[in-house]
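Note sheet for the following structure.
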2 protein chains.
Amino acid sequence: MITSTIENYIKQIYLQQQENKSKLLPMGRLAAAMHVVPGTATAMVKTLADSGLVEYEPRSGIRLTHGGEQLALHVLRRHRVLESFLVEVLGLDWSEVHEEAETLEHAVSDKVLERMDLLLNRPQFDPHGDPIPTAKGQIKKIRLVPLTDLKPGHATIIARVADQDPAFLQFAEKNGLLPGVALTLIERDEQADSVQVRLQEKITVTLGGKAAEKILVRMATG
Amino acid sequence: MITSTIENYIKQIYLQQQENKSKLLPMGRLAAAMHVVPGTATAMVKTLADSGLVEYEPRSGIRLTHGGEQLALHVLRRHRVLESFLVEVLGLDWSEVHEEAETLEHAVSDKVLERMDLLLNRPQFDPHGDPIPTAKGQIKKIRLVPLTDLKPGHATIIARVADQDPAFLQFAEKNGLLPGVALTLIERDEQADSVQVRLQEKITVTLGGKAAEKILVRMATG
DNA sequence: AACTATATTTTGAATTATCAAAAGGATGTG
DNA sequence: CACATCCTTTTGATAATTCAAAATATAGTT
Ligand SMILES: [Mn+2]
Ligand SMILES: [Mn+2]
Ligand SMILES: [Mn+2]
Ligand SMILES: [Mn+2]
């Protein structure tokens, strides 16, 4: 049986693997991401391997099987459609929907999700700019770069805000750093670890490296 | 910690107790309602008693404490608001929402529920005519009677359809037996165990006793 | 009072998910 | 190569929830 614990592990494995594709995901990394002690992750990974969801190479790490990846994409779809629904239909703030979706993603049926998806007119991205996999498990791969990779004068559009921390999301919103917003890089000071961008005439924001890395934009000039 | 298992037991204890108020609810009845073997119910009831949610009198039965009743009403509220939401906002059929709500009732936060309640304009009854407890745990007590208690010529309004079985609900809908619908009792034949009602000019429905008992109407003439 | 049928509780075992702490393996430095 | 360090795995326990089957209590009936 696929429990919500399994869904959470598989989803996390998928997300962690995205960070460093091609390499096996080490157990320690998974344990940390799941907030469990390493032994717990090892035990769970064995049952995931028995279920054919991951390939497990002891003392090196794991990788999702095709089935595991499909499951991850389904859970991710539920999560992101739910986030969109909570923002668009119920009017919650984009900073609080991640936590809500974290629980609901294990409780909504395919039928209910389909209705939400329809009501939202089949959104392709969630409120944070993350792509929503289709019901068949296809996900858009778009090449995005963090603000820290732009050169002065480069004009583009914010595509994604890559942090689920409510405090950061509230900060981003207050400063107009939302997906879809146009921006131009003014300057980047390596030494000061800072990036300054202009959103509209007269509105500029300065971010430190850590924050700037979480704001992802399209490569092509928007 | 209040698990979904606990919520399901407490809700069921409340519902079963409503059937025969004043008396203790026997363990066998609870076990049957929860679809578990009697020993399982006994074990769970002991932990519920330890948590102060029920009073347990071995070999006689149980009753909810005040705290237990409040919890039951909160779960019931979530269940019924969700059912309303699924029907009104997502357009699911009234025959399928009970099952969906059975899972979602353990996953929605107070905040999300409040938004749904607001969007629905604070409904007082769910799609089946069951009263929705307020956030503070108040529930409307309305005296309803089954069709089998009406006398010929009595005109009234359907208030509640007391069965969650999708097949019965679909049957009821197809025959216009929905909450809010006006009806007049034409005749009742004790011997034939049948009840005939008129919904509108020319539209009459005949039901056997079992089915007629599930259609509840207001006492006062509607 | 004795017997029988029914309801309830106890016992023993399984499953899932977790932690703490001990044990074992891999790797890089000197 | 030997050792220290850092991972990872193993072991032993615990909590929650369940079932099957044995044991026990209650109530109803001769
Ligand atoms: Mn989750
Ligand atoms: Mn998101
Ligand atoms: Mn439930
Ligand atoms: Mn209902």
Side-chain angles (χ1 to χ4, degrees), chain A residues 1-14 16-17 19-20 23-64 67-68 71-72 75 102-103 105-107, chain B residues 1-13 16-17 19-20 22-64 67-68 71-72 75 102-103 105-107:
Chain A
M1 219 220 120
I2 289 170
T3 64
S4 60
T5 305
I6 290 179
E7 290 189 344
N8 283 333
Y9 270 87
I10 293 295
K11 184 179 63 168
Q12 200 57 60
I13 292 168
Y14 177 88
Q16 293 297 317
Q17 197 133 60
E19 310 273 288
N20 194 334
K23 278 195 194 52
L24 287 183
L25 173 63
M27 298 304 290
R29 181 97 175 280
L30 175 60
M34 293 301 298
H35 307 107
V36 295
V37 300
T40 301
T42 300
M44 178 52 75
V45 157
K46 283 179 181 170
T47 76
L48 296 178
D50 287 347
S51 312
L53 294 168
V54 309
E55 282 170 47
Y56 171 43
E57 297 182 12
R59 297 198 179 273
S60 350
I62 53 176
R63 110 167 37 84
L64 289 180
L71 176 56
V75 178
E102 205 54 53
T103 305
E105 68 188 0
H106 311 294
Chain B
M1 218 219 121
I2 289 171
T3 64
S4 59
T5 305
I6 291 178
E7 289 188 345
N8 283 333
Y9 270 88
I10 294 295
K11 185 180 62 167
Q12 201 56 60
I13 293 168
Q16 293 297 318
Q17 197 132 61
E19 309 274 289
N20 195 334
S22 83
K23 280 196 193 54
L24 287 184
L25 172 63
M27 298 304 291
R29 181 95 176 280
L30 175 60
M34 294 301 299
H35 306 107
V36 295
V37 300
T40 301
T42 300
M44 178 51 75
V45 157
K46 282 179 182 169
T47 76
L48 296 178
D50 287 347
S51 312
L53 293 169
V54 310
E55 283 171 47
Y56 170 44
E57 297 182 13
R59 300 203 174 265
S60 356
I62 55 176
R63 109 167 37 84
L64 289 180
L71 176 55
V75 178
E102 205 54 52
T103 306
E105 69 188 1
H106 312 293

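Sequence lines set the chain letters: A, B, ... in the order given, protein chains first and strands last, and positions in each chain run from 1. When reading the values below, keep in mind they use all heavy atoms of this one structure, side chains included, and skip hydrogens, waters and symmetry mates.
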- Residue of the set A:Gln17, A:Gln16, A:Gln12 for which side chain to side chain donor-acceptor pair (under 3.5 Å) holds with A:Arg29: A:Gln16

- Query: Would you say a side-chain N or O of A:Thr3 is under 4.0 Å from OP1 or OP2 of C:dT16?
  - Reply: no

- Show your reasoning for whether side chain to side chain contact (heavy atoms under 4.5 Å, CB included) applies to A:Val54 and A:Arg63. CA-CA 6 Å; A:Val54 309; A:Arg63 110 167 37 84; over 6 Å; no

- Could you walk me through whether A:Thr42 and A:Tyr56 pass side chain to side chain contact (heavy atoms under 4.5 Å, CB included), step by step? CA-CA 10 Å; A:Thr42 300; A:Tyr56 171 43; 3.8 Å; yes

- Name the first nucleotide and the last nucleotide along DNA chain D (5' to 3') that come under 4.0 Å of a heavy atom in chain A. D:dT8 to D:dT10

- side chain to side chain contact (heavy atoms under 4.5 Å, CB included) assessment of B:Glu7 paired with B:Thr3: CA-CA 6 Å; B:Glu7 289 188 345; B:Thr3 64; over 6 Å; no

- Over how many whole Å does the gap from A:Asn8 atom CG to C:dA17 atom C1' extend? 12 Å

- Between B:Ile62 (CD1) and C:dT8 (P), how many Å, whole number? 10 Å

- Note on the structure: In terms of heavy-atom contacts, B:Glu102 and B:Glu105 come closest through OE2-OE2, 3.0 Å

- Atom-to-atom span, CG of B:Leu24 to P of C:dA7 - whole angstrom: 17 Å

- Message: Short of 4.0 Å, heavy atom to strand atom, which residues of residues 35-53 of chain A count as contacting DNA chain D?
- Response: A:Pro38, A:Gly39, A:Thr42, A:Lys46

- Query: Whole-Å distance between C:dG25 P and A:Glu57 CD?
  - Reply: 18 Å

- A:Arg59 CZ - C:dT27 P separation (whole Å): 11 Å

- Message: Under a 3.5 Å distance rule, please check whether B:Ser51 uses its side chain to pair with a backbone N or O of B:Thr47 as donor and acceptor.
- Response: yes

- Has B:Tyr56 got a side-chain N or O lying under 4.0 Å from the OP1 or OP2 atom of C:dT8? no

- What distance do A:Ile62 atom CD1 and A:Ile13 atom CD1 have between them, rounded to the nearest 0.5 Å? 3.5 Å

- Provide the closest heavy-atom pair for A:Thr103 versus B:Ala107 in the form atom of the first, atom of the second, distance. CG2-O, 3.7 Å

- What is the minimum heavy-atom distance between B:Met44 and B:Thr5, and which atoms define it? CE-CG2, 3.8 Å

- Message: What is the separation between atom CG on B:Leu30 and atom P on C:dT8, rounded to the nearest whole Å?
- Response: 10 Å

- Query: Which whole-number value in Å describes the distance from A:Tyr9 OH to C:dT16 C1'?
  - Reply: 11 Å

